[in-house]
Structures are given as C-alpha cells and as structure tokens.
Amino acid sequence: MTLASRFLARLLELPPADTYDVLVERDLEIPLPGGIKLLADRYAPRQGGKLPTILVRSPYGRRGFFGLQYGRLFAERGFQVLVQSVRGTFGSGGQFDPFRDERDDGLATVEWMKRQDWFSGEFATHGASYLGLVQWAVAREAGPGLKAMVAHETASEFRGQTYAGGAYSLDTALSWVHLVRNQETPGLGGLMTRLGAPRKLKPLFQHLPLNEVDALATGARVPFFQDWLEHNAPDDPWWNRADFSGSLSEITAPVHLVGGWYDILLPWQVRDYAALHRAGRAPYLTIGPWTHVSVEGMAVAARESLIWLKAHLKGDRSQLREAPVRVFVMGANTWRDFSEWPPPGLQTRRWHLQADRGLSPATPAASEPDRYRYDPAHPTPSLGGALLTREAGPRDNRALESRPDVLTYTSAPLEKELEVIGPVQAELFVRSSLPHTDFFARLCDVEPSGKSVNLCDGLLRLVPGQPAPEPDGTLRITLDLWPTAHRFLAGHRIRLQVSSGAHPRFARNPGTGEPLGTAKTLAAADQAVFHDPAHPSALLLPVMG
C-alpha cells in the first residue's frame, strides 16, 4: 500500500508524508442500540500517541482505493482515521435505508469512539457526497470534541437534489441505485456490471411506469427508490428524518465546503454556506469547474481538506488562505478570492428576450410569442450539465439547439468582456396548452466558431394554479439556473435556451397529472414564450463591475 499511497499522493499533489509506518486495524465492531454492529477500519501512525481522529462514514466500503484515499493518506500525514461502513453495507449490520439512519448511527459511533483508549478527545469529519450528508447528520449533537468539518459536493438535505425544480432527478437516482446495489458484487463479474451500467440503464430511462425501472435495473424492487417516488410532494414530512438543514445555525465546528459548478448538489451546498454565514459561523467555500465525479475536483478537495484539518485539529494555520471564499472563474480560467458569497458589488442585469430570437438589455418591442411543441413520447434530451455520471459537465450544445422543441435567444457579439459571478435566473412569460408541464432554461457561452457551451441551467415543474395566471392568462415563472462564475470574452455571445425538458436528467413530465411512479399516459404540450413590453421575459445575470 505504501507504493500506492505515494503514487496517489503525487497525483493529488499532497505534501510529503510524516510517516509511512501506518497501523491498520480491520473490522472493528461498533455496537448500536438494538444489537446491530457496524464495521470500521482504523488507520493510525504506529508512532505518535493519541493523535486527533478523522471520522469518515460511508456506504461505499472501507478497503481498496477508498481506504487509501480517506484512510491511509491522512494517517501518513499525522492523523488517526476511522473509516466506517454505514448500516447495511460492506458487512455492517441492518438494512441500508439511505439518509434516514445516519443521525442515530453516527451519534452512536461518536460515543463509541469517545470510549476508546486511542481517542485524544478531538475529532473532525470528512468526506464527499453521501459522506457529507452523514456529517451534517451528527454535527449539531456531536459535542465539543468535534473541531472541524470538511464537506465536499454535498448538502445537509438530499430531497432538493432528488426533486430539483419539482421534477424527479431520474438519471441520478437510478444510476446511484444501480451502483449501490451492485458495488459489493465481487470479482470480474462485479467490475463488468459496474462498467456496463450506462449501456444497461440507457433504455430503462425510457421505460414507464417509473416504479418498475429499479427492478429492471437491479433484478429486484428497491424499497428506498420506491419511497422516493411515492414521497414527491414538496412538504411531505417523510423527508424530515433525513433533513438537517434546519440545525446549521447551531453548529459550532468550523466548516469548509468544497463544490463544483457542474455538481448535482451545488445549489443546496451554497444554501448551506449561506445559513452558516448568516449565523456568524465563518464558513469557507471553494467552488471549481468540476462535476460530481471529477478527478481534478477530488484532488483539490484532498489538498484543501488537509489544510483545513491541520489548521483546526493541530493548530497549523500556515497554509490556510485568508479569504474564506475562492471560486474558479470559467472563461477567464483563473481563481478569484472573495470575502463572502455571492461576492459584494454584484449588479443584476436584465437581458431581454427579443423578436427573431435575439437577446439584449433593451426593452423588447411588440412581437408575437415563439412557439414549440413538447412531446414526452420523444422528450427533449439532457446534454451535459449537472449529472452524476461521466456525461456531466460542459458540452457543445449545437445539436441540442437544432431541435424544433428547443428555442434559443442569442446576443450580438460582445464588444467587451462580461463577468458573471453568482446565482443566475430566467424570468419568463409563458403559456401552455396543459396545466401540467415543465420549462427548462440554460445559459450558454457561444464562441466565435459557433460552439455553444452550457454554463448553468434549471427546470421548473408547473402544476395547476402554481403559479397563478396573469390577468391575460400567461404565466410568469422564475427559473433558478444555479450559480456560476464565468467571463464572457469579447466577441463571444450570450445565449439562453428555453425548452420543456432535459430527459433523463429530469424525468419527463407526462402532461397528464398522473402520479409520478405509475404514470404511463403521455400528452404533448403546445408551449408559447412571450417577449414584448407587457411580457418582458429576461435572463437575469449577476454582473461584476
């Protein structure tokens, strides 16, 4: 493992190890109330005494690359690390019910840890995605021994991501279900199953009803996938047990949040930052040009984590940056530091949709609306953006924009650079032939070559009466296109896409109002987008300077 750890440390550009003599204790049994036992591995420098502990709780196993990344690398740099498999995974007892047992199981683990003779009395939590949610689950009640948290590409609640904009995140949900249901299959067969996931799942995304696709993907119904489909109402109390966003203001441990512009959890991670900031907790925030599975993002997160943990567990603040917020500005391809997020000094600029598919700051003139038909039997596909899979990230959108069910509104070439940093919105006046429908909007940078690259986007699912119609029957809707940081260079153009879907990233709207899990009937919607003085549809850009 020493050769592997040296190679990975070099790949991640970590500082030199303090030692390569690491003790590893396997399969420690941690008892829970009710007789269930969770398994954990402990990594620690063989010499060094009672060093502070990093707690990592995961559904993805404790060995191999995972143990190397989260266990050995940090033990070689002067920490003890306890890597635990959560309930129902990799030998831990009980049944895996995502998110819902992590508070009780995590707190029981903390209490067990406090009783061990190797425990120094101080610990931190660390990890990405699900490994971040479990940190929020215990943070308020873990006690004064919790000295720091580093949460990557994660959020304090996952319902928001599961129903982004009100639509089910089908690609992410089914891809993750397939992963966790097959990850423990040993040998070559398990590897081939995981590698073959994209090809296996692709036809299943078209299948209806949705409550059958989990069995088709994994060979058996998956209870938690069925629960997610059933509990789709925004105010459904079923999600409360896995929602820790309400307690953020009470967390006293210093928190560093690391995210990516194309990450599936970015808006909710930024929301967590805002809650901590309002409470005076002085959180750090780092956002780079990454997707959820980006190797580059993993590398930066590892380096930032080590700096943060050394600062708050060992008192070594020599590498800790002064500015709490650091973001990568795409287009300019540079990092920028700020005192807070969103940065001070932003001005919201309205770029109005115009006749002939134009986009400009000018008030639109009188014009007829643009129209298209959305047919869920042939749904508008997703392309890049915030996906869990390797299909995520920036892509050339020209093929998507050539479809008849996608409208584009494009500015003239910019005479000078325009820097957009912060949350982006689209305010649209629309009309649909159906009360149940979706609208999707995406901001793109159009290069002089014509290549159209997606920056951020968002979808909004409409139901009867929400929003209430305007007096003339149109609907005024606001879509949150997620935060971004991008410099549009001179000669480039700004483009706004408008459509009614991005399938299978968002499950298509059948148009019938049938229950999400059992809907099979599909109805096409005739859509209209208005842009005139009475209906000034606009793209809202947070502009620096």
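Below, all heavy atoms of this structure are taken into account, side chains as well, without hydrogens, waters or symmetry copies.
Cation-pi check for R140 over F244 is not met; the charged atom does not lie both under 6.0 angstrom from the ring centroid and within 45 degrees of its normal. A cation-pi geometry, defined here as NZ or CZ lying under 6.0 Å from the six-membered ring centre and within 45° of its normal, does not hold between R390 and W290. Both tests do not hold together for K114 against F123: distance to the six-membered ring centre under 6.0 Å, angle to the ring axis within 45°. In this structure, R100 is positioned above the aromatic face of W238, its NZ or CZ under 6.0 Å from the six-membered ring centre and within 45° of the axis.
Side-chain contact between P394 and V453: present, with at least one pair of heavy atoms (C-beta onward) separated by less than 4.5 Å. The side-chain heavy atoms of W228 and V177, taken from C-beta on, include a pair separated by under 4.5 Å. Taking 4.5 Å as the limit, every side-chain heavy atom of R103 sits out of range of all side-chain heavy atoms of V138. In this structure, R63 and L68 have side chains that are not in contact, with every pair of non-hydrogen atoms separated by 4.5 Å or more. In this structure, the side chains of V134 and F99 stay at 4.5 Å or more apart for every pair of heavy atoms. For the pair W136 and D272, the minimum side-chain heavy-atom distance is below 4.5 Å. Side chains of V86 and Y60 form no contact here, defined as non-hydrogen atoms less than 4.5 Å apart. With contacts defined as side-chain heavy-atom distances shorter than 4.5 Å, the pair P483/C456 does not qualify.
Judged by distance alone, the side chains of E76 and T19 never bring a donor and an acceptor atom under 3.5 Å apart.
A donor-acceptor contact shorter than 3.5 Å is absent between the side chain of T89 and the backbone of S85. In this structure, the side chain of D41 engages the main chain of D27 through a donor-acceptor pair within 3.5 Å. Side-chain atoms of S92 never come within 3.5 Å of backbone atoms of G88 as a donor-acceptor pair (strictly under, hydrogens ignored). With hydrogens and angles disregarded, no donor-acceptor distance shorter than 3.5 Å links the side chain of E304 to the backbone of H256. In this structure, the side chain of Q269 engages the main chain of A151 through a donor-acceptor pair within 3.5 Å. Proximity of a side-chain donor or acceptor of R77 to a complementary backbone N or O of P15 within less than 3.5 Å is detected. With hydrogens and angles ignored, the 3.5 Å screen pairs a side-chain donor or acceptor of W239 with a backbone N or O of H231. Listed for the E153 side chain is no donor-acceptor partner under 3.5 Å among the backbone atoms of S129. In terms of modelled atom types and a separation under 3.5 Å, the side chain of Y284 and the main chain of L320 share no donor-acceptor contact. No donor-acceptor pair closer than 3.5 Å links the side chain of R281 to the backbone N or O of V255.
Checked against R241 for a salt bridge (Lys or Arg N to Asp or Glu O under 4.0 Å), the options D227, D101, D97 give a single hit: D101. The ring-ring contact (aromatic ring centres under 6.0 Å, His included) with W268 is formed by just one residue from the set Y273, Y163, F158, W482; it is W482.
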Run R336 and E419 through salt bridge (charged side-chain N to carboxylate O under 4.0 Å, His left out) and show every step you take. CA-CA 12 Å; R336 295 274 296 279; E419 197 161 272; 2.4 Å; yes
Should K451 and D396 be marked as a salt bridge (charged side-chain N to carboxylate O under 4.0 Å, His left out) after you check the CA-CA gap, both sets of side-chain angles, and the distance that decides it? CA-CA 6 Å; K451 182 179 180 181; D396 186 347; 5.6 Å; no
Does the pair T286 and L257 meet the rule for a side-chain contact (heavy atoms from CB on, under 4.5 Å), with working shown? CA-CA 6 Å; T286 302; L257 303 170; over 6 Å; no
Check the pair V329, H486 against side-chain contact (heavy atoms from CB on, under 4.5 Å), reporting the backbone distance first and the verdict last. CA-CA 5 Å; V329 182; H486 183 78; 5.6 Å; no
Are R72 and V24 close enough, and set up right, to give a side-chain contact (heavy atoms from CB on, under 4.5 Å), and what steps lead you there? CA-CA 8 Å; R72 179 172 287 272; V24 184; 3.8 Å; yes
As a quick check of understanding, evaluate side chain to side chain donor-acceptor pair (under 3.5 Å) for H292 and T389, giving each step before the final call. CA-CA 8 Å; H292 197 72; T389 64; over 6 Å; no
Take D214 and R221 through the salt bridge (charged side-chain N to carboxylate O under 4.0 Å, His left out) test and state the conclusion after the steps. CA-CA 6 Å; D214 55 337; R221 286 171 69 87; 5.4 Å; no
Does the pair H503 and F205 meet the rule for a ring pair (Phe, Tyr, Trp, His ring centres under 6.0 Å), with working shown? CA-CA 8 Å; H503 182 81; F205 290 130; 7.1 Å; no
Would you please test W118 and R42 for side-chain contact (heavy atoms from CB on, under 4.5 Å) and show each step? CA-CA 10 Å; W118 45 260; R42 174 177 166 256; 3.3 Å; yes
Run K314 and D316 through salt bridge (charged side-chain N to carboxylate O under 4.0 Å, His left out) and show every step you take. CA-CA 6 Å; K314 293 193 167 188; D316 178 5; over 6 Å; no
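You'll find the ring centres of F74 and H126 inside the 6.0 Å limit. Note: Y43 and Y70 fail the aromatic proximity criterion, with ring centroids not under 6.0 Å apart.
Atoms CZ and CG, from R159 and N240 in turn, are 10.5 Å apart once rounded to the nearest 0.5 Å. A distance of 12.5 Å separates CZ of F225 from NE2 of H178, quoted to the nearest 0.5 Å. Rounded to the nearest 0.5 Å, atoms CZ (R487) and CG (D445) are 12.0 Å apart. One finds the CD1 atom of I54 at 13.5 Å from the CE atom of M149 (value rounded to the nearest 0.5 Å). Here OG of S156 is found 4.5 Å from CG of L248. Values are rounded to the nearest 0.5 Å.
Across every non-hydrogen atom of L309 and A148, the tightest pair is CD2-CB, 4.4 Å. Minimum heavy-atom separation, T109 to R57: OG1-NE, 4.1 Å. The two residues A108 and L32 come nearest to each other via the heavy atoms CB-CD2, 3.6 Å.
With respect to D337 and R326, a salt bridge is recorded, a charged nitrogen being found less than 4.0 Å from a carboxylate O.
Atom CD of Q95 sits in a sparse spot, with 12 or fewer heavy atoms from other residues, nucleotides or ligands closer than 6.0 Å.
Aromatic ring pairs are classed by plane angle as parallel below 30°, tilted from 30° to 60° and perpendicular above 60°; the pair W176 and F96 is tilted.
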